[in-house]
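Here's the structure we're looking at; comments come further down.
Keep in mind that this is a model prediction, so the values were computed, not measured. Proteins get letters first, then strands, A, B, ... in listed order; numbering begins at 1 in each.
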Number of protein chains: 2
Amino acid sequence: MTQHPSRDRIRDLRAELARRGLAGFLVPRADEFQGEYVPPSAARLPWLTGFTGSAGLAVILAEQAALFIDGRYTLQAAAEIDTALIAPRHSTAEPLADWLAHHLKPGERLGYDPWLHSTDEIARHRLAVEKLGAKLEALAGNPLDAVWADRPAPPAAPIRVHSMAYAGESAADKRTRLAQELAQDGVDAAVIAAPDAVAWLLNIRGGDVEHSPLPLSFALLRADATVDLYVDRRKMNEDVTVHLGNAVAVHEPAALGPDLDALGAARKCVLIDPNASSWLMQRLEAAGARIKRGSDPCALPRAIKNATEIAGSRAAHRRDGVAMTRFLAWLDREAQGGRVDEIAASDRLEAYRRENEHFRGLSFSTISGAGANGAIVHYRSGAKTNRKLEAGTLYLVDSGAQYLDATTDITRTVAIGAPSAEMKDRFTRVLKGHIALATCRYPVGTSGSQLDALARHALWQAGLDFDHGTGHGVGSYLSVHEGPHRISKLPSTVALRPGMIVSNEPGYYKTGAFGIRIENLVIVVEAPPIPGGERPMLAFETLSRCPIDRRCIDLGLLNAQEIAWLDAYHASVLADLGGQLDDTTRDWLVRATRPLAPA
Amino acid sequence: MTQHPSRDRIRDLRAELARRGLAGFLVPRADEFQGEYVPPSAARLPWLTGFTGSAGLAVILAEQAALFIDGRYTLQAAAEIDTALIAPRHSTAEPLADWLAHHLKPGERLGYDPWLHSTDEIARHRLAVEKLGAKLEALAGNPLDAVWADRPAPPAAPIRVHSMAYAGESAADKRTRLAQELAQDGVDAAVIAAPDAVAWLLNIRGGDVEHSPLPLSFALLRADATVDLYVDRRKMNEDVTVHLGNAVAVHEPAALGPDLDALGAARKCVLIDPNASSWLMQRLEAAGARIKRGSDPCALPRAIKNATEIAGSRAAHRRDGVAMTRFLAWLDREAQGGRVDEIAASDRLEAYRRENEHFRGLSFSTISGAGANGAIVHYRSGAKTNRKLEAGTLYLVDSGAQYLDATTDITRTVAIGAPSAEMKDRFTRVLKGHIALATCRYPVGTSGSQLDALARHALWQAGLDFDHGTGHGVGSYLSVHEGPHRISKLPSTVALRPGMIVSNEPGYYKTGAFGIRIENLVIVVEAPPIPGGERPMLAFETLSRCPIDRRCIDLGLLNAQEIAWLDAYHASVLADLGGQLDDTTRDWLVRATRPLAPA
């Protein structure tokens, strides 16, 4: 049995901690940009522990170590880490504070790298550590980096201009309107700490991380509408320099600290998001800046897509729908005989997408789950887990692409052979929730959390539920998960606004058996007026174009309005895609979209 | 034309402010107990301005004065105040901060009585005032009280013991379990600043304000389970002294300040709700106490009714249902000929309730709204507004009672003559929302804000909505509006828990035409298990017993499940009440509760 690589790495880290007189060190999954994707150069948590999930926090003490993960990753963590070295802990059932209470002693120093944790996160950890009489200490250099000999170089993918044809609003206009808001609020400068916010503000894209076309960077937006951009100059080129113009000064990342110091020395009022790296807030505080805590000023305007972005999304969804339809038609021909496995399926789907105009990559790793694997919400097929699509099972495929004109994200659940009565019951309840959202009118001012129950009601009535959000915002050739709006059980005060794109993705998961999710992207629109209507109402328009598997539906559970919605949706899918398909695929789509009930 | 009494009073107040060098003074509606009802001795806002609504804030400056009210009170304020003296302002559309920005100058002092505003409220006002370079100043004596010559004496209604037969848990047990929680949280004492919390904790009731059986009082609950009660000793009697026992020390209200000082001097950790009077927090801060801000520790346990309280509520709702049924039967006999007006109707309903065992008064002023008056959400009939119930209109009656064993609150909307198609459409949509809540199963952990949309969905689909909450908590022979839970558009993180009573009261209001509200009280229960159900679910059981007017229903808008719910509800009402009615009323109830659809 080979030794887990964690063993030597944790030993080296502990030696480094001992040299510094530290009792322990926090190793989070995040990098300094606090985003969803982390480049290999910042993949500290997987390097140290072996754990590759998208959320987790390791605590390394001299004698003990633990990895805090949520319920999604219980099985994966146990498979990836050496549990003799590191104890896996459920982050809510067995929280960090309780573990520290057993293992951290009064007076001891627990270190952290202030770049890698948000201000809000550190405030929570501080409470737990100081309650024990111990000390939570921001370190000047990361002790893990000191022992990470073969650390990869940071990425330096070239920045590209995101043209007006896709962005729809010039960077100068964005800078100006946001700067006006800052000035009105008495703010001198805002720290733009999220790379997708920088990319949106300056109409630039990049390729530093998987799946999101981001140039990793920070920026300062000043109330005079100028911007300082802090980015590795190797990513810059003449096109981008010309595009950015005189109002945007480009600096190496190391210049950010002194510039924050200067804001502080001049007693400027600086807006910063408490979800940003705590290093930034700490530097501003130490420099004496007047700090205003608030959301990134790009977040809301970025979420409200303009007419060009909306037209781009509609066009991209038609192309994406063609790829999905070709895939589903192929699947129906090939999979029923048990000849297709999860990886072959996702490869085929990716191949169809690659043929699309403006395709720039997948927007996330395709979730291609056959049978019981479909019940794993964040499943990723691998050589060991790869399953054949077999008769009498459901196949769940959650996928999306980055196109120059939009980002897509869609989930379909398909019957392989004949679905059971239970599968049809659950599928239809998920579909009822999907339709309830798709058809809902709601007053101006409504948040996604107010609508969430509509997507769950049919499941609740059967004693069922699902353990993920119902919808997330989606960027425009940017992050596939984008705030500030969402549809979720979690309280939210962010009202849905016309132009916001959000996913509509209720699901149901039976562990060890099957998973169901039906996901379309929808866009918030003003609801068309109706006779007798008194108030301005909003509604969702469905963007995704792809049939929903009729074979999984228990027609007895749908009412007339629900049937009418699905028939109308299918008719629009056929109308939009039919002309772009080969004969075989079109014939398949005609069958897949025929009305549920005879007219 | 007689002069408005405000004129002299504001003149006198301004003279007093000038003597103190104050630019202005805030006059809120609240008293030091921050409750819904204010005794005449603390009715400062009505005395000064004439405005009698349940929410409002006057600002009196040397030259200007304004009254900030919400949308409910626009018409009422204009009728009650002298608008030449005081400008009525909509508190959200024309907020205080904007008005102050025009009228308050840098360096000026705006005074307030710290007893009359909550900590949270003062924090908001302070932000607005200090932004102008002015000063918000807590005053040691209320300048309005100084000029209020004929101020009534404070109430001193005798305190009564709330017996175990109704309370179900002894005060000693309540003190002990709450004190254990305080001790676990490291809290030395909690300020119990809400009189209904004091009443619940000590199993006492009183009569100092209208409609709520409250003894106005403060208390300190200490981690050793002892209580200090601060109350006018004239309200005490031998029964109560014996009931309170040795663990509860009774003091005059003036002793509270020195006791808070002592907690501070000993560096005790004191829990206090930021919704409590800001005087308390300021005194604790000045004394050096370690302050923990948090909800009143009585709020959640009080909301979760025990078995005795639940049995009491079921019994009281049967009695209340008998009164409502007698009233509605009488109304059907008398009103169709145009012989009944709003006041006669509410008097008759009160007379029926008075005949009930354990009746102790109304739980709020009956809203008896005929025709267009039904569209005024917080309508109160008066000699000037009193309308006859006329054919072709709707009559809305929202009423409730205090019984020794429960507090009730119910709204019915009744057709007088034949309702129009529009009235039936709206009534049925409100009913669909009511039924959606009444029949909903939802997972453990769900808050009322997550369910709110279910009550509005049928209205939203028609472009309609209503501008009040869908449900409020209700006390047990206590306040008819009681937290911490609610069903509302406003975000809430308070999960519904078995034993919580809440109203289910969607509505629809067409200004100048008619109003509809269908309100039952419901109690949260564990949902009975169902085949295939996987998760522990909760549900509502309806407590109120009274028919819903079948004549207002557009049957074509109800689905089979909705019809089944109403028929089953009506059958249970008939079964529970039928045996307690005279023949005529029972015959009426049989007709009123017959199934909507033939079996």
Side-chain angles (χ1 to χ4, degrees), chain A residues 131 185-186 421-422 425-426 429 436-437 439-467 470 487-495 508-511 527-539 559-562, chain B residues 131 186 421-422 425-426 429 436-437 439-467 470 487-495 508-511 526-539 559-562:
Chain A
K131 199 173 168 183
D185 293 345
E422 184 192 34
D425 178 271
R426 304 310 191 237
R429 289 179 187 277
L437 272 188
T439 58
C440 182
R441 285 166 177 263
Y442 46 92
V444 169
T446 301
S447 75
S449 58
Q450 291 178 251
L451 302 182
D452 179 73
L454 299 175
R456 300 178 191 268
H457 185 255
L459 288 164
W460 285 354
Q461 298 325 292
L464 312 171
D465 199 4
F466 58 93
D467 289 331
T470 299
I487 302 174
S488 159
K489 288 185 178 186
L490 301 171
S492 165
T493 55
V494 178
Y508 168 78
Y509 310 92
K510 183 164 180 169
T511 304
I530 46 174
E534 295 172 353
R535 304 196 179 204
M537 308 293 280
L538 302 177
N559 64 35
Q561 292 91 329
E562 290 163 340
Chain B
K131 199 172 169 184
E422 184 191 35
D425 177 272
R426 304 311 191 237
R429 290 179 186 278
L437 272 188
T439 59
C440 182
R441 284 167 178 264
Y442 47 93
V444 169
T446 302
S447 74
S449 59
Q450 292 178 249
L451 302 181
D452 179 74
L454 300 175
R456 300 179 190 269
H457 185 254
L459 289 163
W460 285 354
Q461 299 324 293
L464 313 171
D465 199 3
F466 58 93
D467 290 331
T470 299
I487 302 174
S488 158
K489 288 185 179 186
L490 301 170
S492 165
T493 54
V494 178
Y508 168 79
Y509 309 91
K510 183 163 179 168
T511 304
E526 289 177 10
I530 45 172
E534 295 172 354
R535 305 196 179 205
M537 309 292 283
L538 303 177
N559 64 34
Q561 292 91 328
E562 291 163 340

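With chain B as partner, the option from A:G186, A:P536, A:C440, A:S447 having the largest number of non-hydrogen pairs under 4.5 angstrom is A:C440. Counting heavy-atom pairs closer than 4.5 Å to chain A, the top residue among B:K489, B:M537, B:Q461, B:Q450 is B:Q461.
Counting all heavy atoms, side chain and backbone alike, B:P491 lies closest to A:S492 at CG-O, 4.0 Å. Of all heavy-atom pairs spanning B:H457 and A:A436, the tightest one is NE2-O, 4.5 Å. Between B:R535 and A:D465 the shortest heavy-atom distance is NH2-O, 3.4 Å. What you find for A:W460 and B:R441 is that their closest heavy atoms are CB-O, 3.1 Å.
With a 4.5 angstrom heavy-atom cutoff, A:L464 touches chain B via backbone and side-chain atoms both.
With contacts defined as side-chain heavy-atom distances shorter than 4.5 Å, the pair B:P443/A:R456 does not qualify.
The neighbour count for A:E422 CD, taken as heavy atoms of other residues, nucleotides or ligands under 6.0 Å away, is above 12.
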